[in-house]
Amino acid sequence: MGPGQHRPGCAARPPRSRQPGGGGEEEEACPLPGRQIYPPAWAAAGESLAMPRRCPLLCLALLACAAATASAHSGSAAQRCFCQVTGHLDDCTCDVETIDTFNNYKVFPLLQRLLESDYFRYYKVNLKKTCPFWSDSSHCGIRDCAVKPCQSNEVPDGIRSESFKYSREANSFAEDCEEAERLGAVDNSLSEEMVQAVLQWTKHDDSADTFCEVDDIQSPEAEYVDLLLNPERYTGYKGPEAWKIWNSIYEENCFKPHSVKRPLDPLAPDKGEDEGNMFYSWLQGLCVEKRAFYKLISGLHASINIHLSARYLLQDTWSDNQWGSNVTEFQQRFDEELTLGEGPRRLKNLYFIYLIELRALSKVLPFFERPDFQLFTGDTSRDGETKSLLLEILHLTRSFPLHFDENSFFAGNQKEAAKLKEEFRLHFKNISRIMDCVGCFKCRLWGKLQTQGLGTALKILFSESLIENMSEKDPLSRFHLTRQEIVSLFNAFGRISTSVRELENFKNLLQTVQ
């Protein structure tokens with residue numbers, strides 16, 4: 001291990017104290033003085049929010065849910081998977097139904113158009129990095145695990161040229177007028193507008209603000225991948241190797257003591273439903289920041305499982321491969337009865353991560369509204385259309401009525417808050433490094449992209465003051481997003497948005513399944 005590297009879970013953990021009357025369970029005191037361990041966020045929101053007006057409907061829904069749960073063995077699969085996935089979300093002022101309507105009928109269609117554009121479909125990634133945590137370098141040999149990289153002539157000139165502005169040479173001579181001429185000589189496809197952007201966008205990437213281990217896009221091993229030609233779907237990569245990845249994430253990086261076992265952990269002794277109840281008693285005892293961290297990871301995991309269930313290889317022949325929804329696979333991952341009550345919790349965490357990433361998009365609008373921000377692909381007309389669509393989506397995210405309130409994070413004593421934020425950041429950065437241990441290259445591609453996208457969302461939420469103080473006349477603002485971060489941010493949210501949309505499809509498919 002080199003300097004600055006962390007094994008999974010090596011980030012310092014704050015001490016735990018045993019609380020009286022806790023039934024013998026470990027309960028972690030919130031490290032921020034004056035904070036509430038069980039914050040009823042929705043209750044404290046006030047009368048002005050939409051939640052109180054929905055209460056009668058929600059109560060009826062919850063009563064129906066309780067009745068259905070009581071007869072789960074005779075109820076439909078749709079009831080078992082979705083009955084508890086309704087109403088308000090813990091630690092949030094929002095409810096599931098509001099998100100469904102907003103996403104499925106407003107955000108999702110626009111987002112799909114955006115992600116099909118040239119700027120957002122090409123992602124540069126190094127899939128050849130070695131695992132930093134264990135020596136086993138076995139790779140998935142299944143055909144569908146492979147990733148087909150782009151040939152250099154397949155990537156738009158503007159995208160290939162744009163990466164130069166992050167190089168050492170561009171940073172070294174950012175304010176030198178002669179550098180513009182040299183850059184033009186390096187690549188004649190650079191327009192005058194592009195050269196000016198090269199001179200402006202320099203020295204922005206402050207590692208202290210990043211939540212992910214970012215690939216060196218200048219490395220010879222980094223290649224462009226067309227995300228539309230390498231979709232996230234079921235590849236057959238499963239079993240101990242796949243669970244080793246998730247166990248390393250959950251067991252070592254989610255602030256969890258080893259004495260508390262996760263429900264349905266296939267690598268731990270099965271102790272049934274009581275073990276799950278103990279786990280969630282412990283989880284509720286965490287302060288809001290650490291509880292949110294776990295829910296983000298669980299929500300990401302749930303989203304990936306939905307993608308695998310929705311794009312499953314149903315037929316594999318020499319003449320034709322058919323991909324589609326696998327209801328049985330979805331049930332195995334989310335049916336309340338088959339998961340000892342764990343499945344519906346995972347689906348609720350999907351909505352939590354949706355709110356976090358949606359909030360980040362609503363906050364970052366000023367960065368993209370600047371006249372000097374351009375989406376460079378080499379096609380001026382289409383670039384303008386893409387930016388217009390991008391801004392339309394960001395304005396739409398701002399119109400969402402029940403945004404997550406990130407101000408509840410890291411409040412209180414500044415010194416303790418800064419310490420907790422740094423611990424939060426290091427844990428997430430460790431998770432991003434674990435992605436280089438995934439044996440399936442297609443899974444590794446989408447794992448790296450989605451963790452970088454979530455990490456970028458967290459970077460935005462924790463940089464609110466920098467974004468608000470940005471000036472159109474100050475291109476060297478302390479807040480900046482690289483193209484890699486931009487592409488991963490929107491594609492990661494696109495994956496979460498797709499998962500929420502797919503749930504509607506699975507609800508319909510499960511209506512007649514017992």
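One is the number of the first residue; the rest follow in order along the sequence. Hydrogens, waters and symmetry mates play no part in the numbers below; they use all other heavy atoms, side chains included.
Atom-to-atom distance recorded for Leu296:CG and Leu454:CG is 5.5 Å, nearest 0.5 angstrom. Once rounded to the nearest 0.5 Å, the distance linking OG of Ser362 with CD1 of Ile393 reads 13.5 Å. With values rounded to the nearest 0.5 angstrom, Lys459 atom NZ is found 6.0 Å from Phe479 atom CZ. For the atom pair CZ (Arg345) and NZ (Lys348), the distance works out to 9.5 Å, reported to the nearest 0.5 Å. Rounding to the nearest 0.5 Å places CG of Leu361 at 9.5 Å from CG of Leu461. Taking CD1 of Ile353 as the start and CD1 of Ile297 as the end, the distance is 7.0 Å to the nearest 0.5 Å.
Tyr123 and Asn491 share no side-chain donor-acceptor pair at under 3.5 Å.
No donor-acceptor pair under 3.5 Å is formed between the side chain of Asn326 and the backbone N or O of Leu313. Side-chain atoms of Arg291 come within 3.5 Å of backbone atoms of Leu286 as a donor-acceptor pair (strictly under, hydrogens ignored). In this structure a side-chain-to-backbone donor-acceptor pair under 3.5 Å is missing from Asn505 to Arg501. Side-chain atoms of Gln315 do not come within 3.5 Å of backbone N or O of Gln322 as any donor-acceptor pair. Although no hydrogens or angles enter the test, the distance criterion places no donor-acceptor pair under 3.5 Å between the side chain of Gln284 and the main chain of Ser281. Looking only at distances, no side-chain donor or acceptor of Thr101 sits under 3.5 Å from a matching main-chain atom of Thr98. A donor-acceptor pair under 3.5 Å links the side-chain atoms of Arg359 to the main chain of Phe404, judged by distance alone. With Thr397 contributing its side chain and Leu394 its backbone, the two residues share a donor-acceptor pair below 3.5 Å. Checking side-chain atoms of Thr456 against main-chain N and O of Gln452 turns up a donor-acceptor pair under 3.5 Å. Proximity of a side-chain donor or acceptor of Arg444 to a complementary backbone N or O of Val438 within less than 3.5 Å is detected.
Using a 4.0 Å cut-off between a side-chain N of Lys or Arg and a carboxylate O of Asp or Glu, Glu423 and Lys419 do not qualify as a salt bridge. Glu232 has no carboxylate O lying under 4.0 Å from a charged side-chain N of Lys442, or vice versa, which leaves the two without a salt bridge. The pair Lys421-Glu289 does not meet the salt-bridge criterion, since no charged nitrogen lies less than 4.0 angstrom from a carboxylate oxygen. At a threshold of 4.0 Å, the pair Lys448-Asp436 counts as salt-bridged, since one of the basic side-chain nitrogens sits closer than that to a carboxylate oxygen. Using a cutoff of 4.0 Å between basic side-chain nitrogens and carboxylate oxygens, Lys507 and Asp100 are scored as salt-bridged.
The two residues Leu227 and Phe120 have their closest heavy-atom pair at CD1-O, 3.9 Å. Across all non-hydrogen atoms, the minimal contact from Asn230 to Trp446 is O-NE1, 2.8 Å. Smallest separation of non-hydrogen atoms from Thr235 and Cys440: OG1-SG, 3.5 Å. Residues Val107 and Ser497 approach most closely at CG1-OG, 4.5 Å, considering heavy atoms. The minimum heavy-atom distance between Leu481 and Phe367, with the atom names listed, is N-CZ, 3.7 Å. The minimum heavy-atom distance linking Lys124 with Ala222 is given by the pair CE-O, 3.8 Å.
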Stepwise side-chain contact (heavy atoms from CB on, under 4.5 Å) check, Tyr351 with Leu503: CA-CA 11 Å; Tyr351 285 93; Leu503 290 185; 3.7 Å; yes

Where do Ile304 and Gln450 land on the side-chain contact (heavy atoms from CB on, under 4.5 Å) test, with the steps shown first? CA-CA 9 Å; Ile304 291 173; Gln450 290 177 82; 4.1 Å; yes

Could you go step by step and tell me if Glu251 and Lys256 meet the salt bridge (charged side-chain N to carboxylate O under 4.0 Å, His left out) rule? CA-CA 6 Å; Glu251 297 296 324; Lys256 186 184 75 62; 2.8 Å; yes

Run the salt bridge (charged side-chain N to carboxylate O under 4.0 Å, His left out) test on Arg425 and Glu422 for me, step by step, so that the C-alpha distance in whole Å, both residues' side-chain angles and the decisive distance to 0.1 Å come before the verdict. CA-CA 5 Å; Arg425 188 182 71 86; Glu422 179 64 7; 2.8 Å; yes

Worked check of side-chain contact (heavy atoms from CB on, under 4.5 Å) between Phe293 and Ile431: CA-CA 12 Å; Phe293 190 97; Ile431 290 174; 3.9 Å; yes

Gln112 vs Thr498, test: side-chain contact (heavy atoms from CB on, under 4.5 Å). Steps then yes/no. CA-CA 9 Å; Gln112 296 310 300; Thr498 299; 3.6 Å; yes

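Exactly one residue among Phe424, Phe428, Tyr250, Phe255 makes a ring pair (Phe, Tyr, Trp, His ring centres under 6.0 Å) with Tyr294. That residue is Tyr250.
Between Leu308 and Glu329 the shortest side-chain heavy-atom distance does not fall below 4.5 Å. The side-chain heavy atoms of Val500 and Phe108, taken from C-beta on, include no pair separated by under 4.5 Å. Two residues are said to be in side-chain contact when any heavy atoms from C-beta on lie closer than 4.5 Å; Tyr122 and Asp226 meet this criterion. At least one side-chain heavy atom of Lys128 sits under 4.5 Å from a side-chain heavy atom of Glu223.
As summarised for Cys145 and Cys443, their two SG atoms remain at a distance no smaller than 2.5 angstrom, missing the threshold.
Between Phe330 and Phe506, the ring planes lie parallel to each other; the angle is under 30°, not in the 30° to 60° tilted range.
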